[in-house]
Every structure is written in C-alpha cells, then in structure tokens.
Amino acid sequence: MDALTDLDRRIAGCRACPRLVDWREEVARTKRAAFADQTYWGRPVPGFGPPDARLLIVGLAPAAHGGNRTGRMFTGDRSGDVLYQALYDVGLASQPTSVALDDGLELYGVRVTAPVHCAPPANKPTPGERETCRSWLVRELGLLRPTLRAMVVLGAFGWQATLPALAEAGWSVPRPRPAFAHGARVALDGVGGLDGLDLFGCFHVSQRNTFTGRLTPEMLREVLSTAARAAAVP
C-alpha cells in the first residue's frame with residue numbers, strides 16, 4: 001500500500017468531530033428518497049486522483065447526498081457535474097461525469113480534495129472543525145509535494161483553510177495572506193529547496209454560483225486550463 005492510499009484509508013476512519021460524525025451518519029441512515037435503495041458511504045471522504053498529481057483542486061467539504069453517499073469527492077451532485085464536465089473539457093478527466101466509485105473515471109495529472117472531509121450540516125463546517133481536519137490536508141500536501149506545481153482553490157472558505165496548510169507543508173505564504181478572488185494567482189516559494197507552487201482562486205462550483213451565472217462553465221475552464229499549463233499537465 002502506498003503512502004497516499006494509506007492516508008486515504010486513515011481519513012475514511014476518522015471520528016474526530018462529534019457533530020460531523022452524527023450528521024454524516026444520520027444522513028446515511030435516513031437518505032434522500034431518490035437514493036433510498038442505495039447504501040450511503042457515510043464516512044469521511046478522502047481525496048481522489050493519482051499520487052503523482054501536478055495539480056490539486058481543493059473544494060470545501062463533501063455534499064450530504066453527493067460525496068457522503070458515493071464516497072468520492074464531488075461525485076453524485078450538481079456541483080460535481082459542473083466540475084468534472086469542465087475537467088473533461090480541458091483534457092484532465094477520462095469522462096465528463098462522476099457518479100460512483102466504480103464508474104471508471106480517471107483523472108490525468110490532477111487530484112481533488114477538500115479541507116473538511118465530512119459532510120457538514122447546511123454545508124457549513126465550523127472554524128473548529130476546519131482546524132481539526134487541517135492536519136489531513138497538511139499530510140496530503142506533504143505526500144504530493146514532490147510533483148505538485150499548482151493548486152486551484154474553489155471558494156473563500158477553502159482558500160482560508162488552505163493557506164495555513166500550505167505553510168505547514170513547506171511553502172512560503174506571503175504576509176499579509178493574499179485575499180481570495182476569482183482568477184487570483186499567487187506564486188508561492190518553496191522552503192528549504194522545495195519547488196514553488198502557483199495558487200489559483202476560483203469561485204466554488206456551488207449551485208448558487210452556477211445557477212446564477214456568477215461562475216460560468218467558460219470561467220471555470222479558463223481557470224483550470226491556466227492552472228494546468230502552470231503545472232505542466234498533461
């Protein structure tokens with residue numbers, strides 16, 4: 001078992017945040033009517049993608065009836081439909097949909113993760129839950145460090161959670177910390193001989209943003225394409 005697979009296994013067994021444990025398991029028991037015949041994952045959702053990824057996409061947390069149901073980040077919900085279609089459009093995914101763990105989807109040079117691995121009530125983790133979960137992101141970044149060259153962070157919550165994790169994992173984060181904005185690009189130097197990393201901001205692929213046109217497919221593809229070029233992917 002490689003180190004990243006072992007990390008994913010350990011993440012899936014985490015029970016550190018009682019509120020999130022109770023919520024994710026209650027959702028898995030009660031289910032949504034449309035998925036009543038399915039067995040929900042109901043655990044923390046690990047990252048997804050190759051262990052030598054050059055580009056990392058960071059979201060917020062799994063959706064109650066998306067990742068918490070399927071066991072894969074951004075899978076089985078409207079946000080994932082938008083994200084994986086865009087990844088496919090720019091050549092980073094083998095297919096435009098992500099519906100289940102066994103659907104055959106492959107990502108090319110890119111991995112998807114989140115700063116909070118459990119589905120939170122109302123899609124809102126508390127600051128304390130975010131801090132508790134940060135150690136998993138720090139470890140994931142450490143394992144990806146040899147190949148990772150760029151990162152796209154979806155939304156302000158993910159941005160705020162990712163910056164301290166990047167600092168702990170060995171990149172130099174400017175002071176004051178750069179503000180989140182769609183299209184933001186920040187070059188982070190590596191510490192102690194570590195290669196640098198280009199950090200990109202993008203509006204989250206939430207239904208609120210995609211349904212209102214705040215984030216269009218074209219805007220998303222542009223950020224992903226720019227980040228892929230910065231990371232030399234594929």
Side-chain angles (χ1 to χ4, degrees), residues 27 32-35 45 47-49 53 55-70 72-100 103 105 107-127 130 150-163 177-187 198-231 233-234:
V27 169
R32 178 175 284 171
F35 308 123
V45 181
F48 169 60
L55 172 62
L56 184 66
I57 298 172
V58 181
L60 191 162
H65 302 282
N68 189 56
R69 172 174 60 89
T70 63
R72 182 195 286 164
M73 288 288 179
F74 285 106
T75 297
D77 60 43
R78 295 287 183 87
S79 296
D81 293 344
V82 173
L83 177 61
Y84 286 110
Q85 178 70 60
L87 288 170
Y88 175 78
D89 289 343
V90 301
L92 297 176
S94 63
Q95 60 192 44
T97 57
S98 180
V99 297
D103 63 7
L105 174 65
L107 298 182
Y108 304 134
V110 59
R111 182 172 169 89
V112 180
T113 194
V116 175
H117 288 275
C118 290
N123 290 322
K124 293 181 179 179
T126 66
R130 180 183 66 190
M151 181 184 300
V152 174
V153 181
L154 303 173
F157 181 98
W159 186 269
Q160 293 165 1
T162 299
L163 289 175
R177 288 177 176 169
F180 171 80
H182 180 82
R185 180 172 183 173
V186 181
D198 285 312
L199 179 67
F200 295 84
C202 180
F203 289 141
H204 195 277
V205 288
S206 65
Q207 292 185 51
R208 177 183 299 177
N209 287 338
T210 58
F211 283 8
T212 61
R214 189 181 192 213
L215 178 66
T216 66
E218 292 78 14
M219 292 166 64
L220 180 57
R221 288 195 297 266
E222 181 177 2
V223 173
L224 292 175
S225 295
T226 303
R229 288 194 297 271
V233 178

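For reference, positions follow the sequence shown, starting with 1. Values reported hereafter were calculated over all heavy atoms of this structure, with side chains retained and with hydrogens, waters and symmetry mates removed.
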task = Check whether any side-chain heavy atom of I57 lies under 4.5 Å from a side-chain heavy atom of V110, and answer yes or no.
result = yes
message = Going by the rule salt bridge (charged side-chain N to carboxylate O under 4.0 Å, His left out), which residues pair with D81 if we only count those two or more places apart in sequence or in a different chain?
response = none
inquiry  = Set out, in order, the CA-CA distance, both residues' side-chain angles and the distance that settles side-chain contact (heavy atoms from CB on, under 4.5 Å) for H65 and V27, then state yes or no.
reply    = CA-CA 8 Å; H65 302 282; V27 169; 3.7 Å; yes
key: CZ/R177: more than 12 non-hydrogen atoms of other groups inside 6.0 Å   = yes
remark   = Heavy atoms of T70 and V99 approach each other most closely as CG2-O, 3.6 Å
inquiry  = I need the H182 NE2 to E222 CD distance, nearest 0.5 Å.
reply    = 6.5 Å
task = Determine the minimum heavy-atom distance between V205 and L220, stating which atoms define it.
result = CG1-CD2, 3.8 Å
note = M219 and R214 have their tightest heavy-atom pair at CE-O, 3.1 Å
key: P217 and V82, any side-chain heavy atoms less than 4.5 Å apart   = no
task = Look only at the side chain of W159 and the backbone of A181, and say whether a donor-acceptor pair between them is shorter than 3.5 Å.
result = no
request  = Without swapping roles, check the side chain of S225 against the backbone of V223 for a donor-acceptor pair under 3.5 Å.
outcome  = no
ask   = Is there side-chain contact between T75 and P62, with at least one heavy-atom pair below 4.5 Å?
value = no
inquiry  = Tell me whether the count of non-hydrogen atoms from other residues, nucleotides or ligands lying under 6.0 Å of OH in Y108 goes above 12.
reply    = yes
key: Stepwise side-chain contact (heavy atoms from CB on, under 4.5 Å) check, H204 with F157   = CA-CA 9 Å; H204 195 277; F157 181 98; over 6 Å; no
query = Taking side chain as C-beta onward, heavy atoms only, is L154 less than 4.5 Å from F74?
reply = yes
remark   = T113 and G47 have their tightest heavy-atom pair at OG1-CA, 4.1 Å
query = If we ignore angles and hydrogens, is there a donor and acceptor under 3.5 Å between the side chains of R72 and S98?
reply = yes
query = More than 12 foreign heavy atoms under 6.0 Å from CD of Q85: is that the case here?
reply = yes
task = Could you tell me how the ring of Y84 sits relative to the ring of F48: parallel (under 30°), tilted (30 to 60°) or perpendicular (over 60°)?
result = perpendicular
Separation between CG of L55 and CZ of R229, rounded to the nearest 0.5 Å = 12.0 Å
key: Residue pair C202 / F180: nearest heavy atoms and the distance that separates them   = O-CZ, 3.4 Å
request  = Step by step, work out the side-chain contact (heavy atoms from CB on, under 4.5 Å) result for R185 and D198.
outcome  = CA-CA 7 Å; R185 180 172 183 173; D198 285 312; 3.4 Å; yes
message = How about CZ on R221, more than 12 heavy atoms from neighbouring residues, nucleotides or ligands closer than 6.0 Å, or not?
response = yes
key: CG-CG distance between D77 and N68, expressed to the nearest 0.5 angstrom   = 11.0 Å
request  = Tell me, with the steps shown, if L163 and L199 meet side-chain contact (heavy atoms from CB on, under 4.5 Å).
outcome  = CA-CA 10 Å; L163 289 175; L199 179 67; 3.5 Å; yes
query = Looking at CZ of F200 and CG of L56, how far apart are the two atoms once the value is rounded to the nearest 0.5 Å?
reply = 13.0 Å
query = What distance separates R69 CZ from F35 CZ, expressed to the nearest 0.5 Å?
reply = 3.5 Å
ask   = Which distance, rounded to the nearest 0.5 Å, do you find between the CD of Q95 and the CG of L107?
value = 9.5 Å
message = For L224 versus V90, what's the shortest heavy-atom pair and its separation?
response = CB-CG2, 4.2 Å
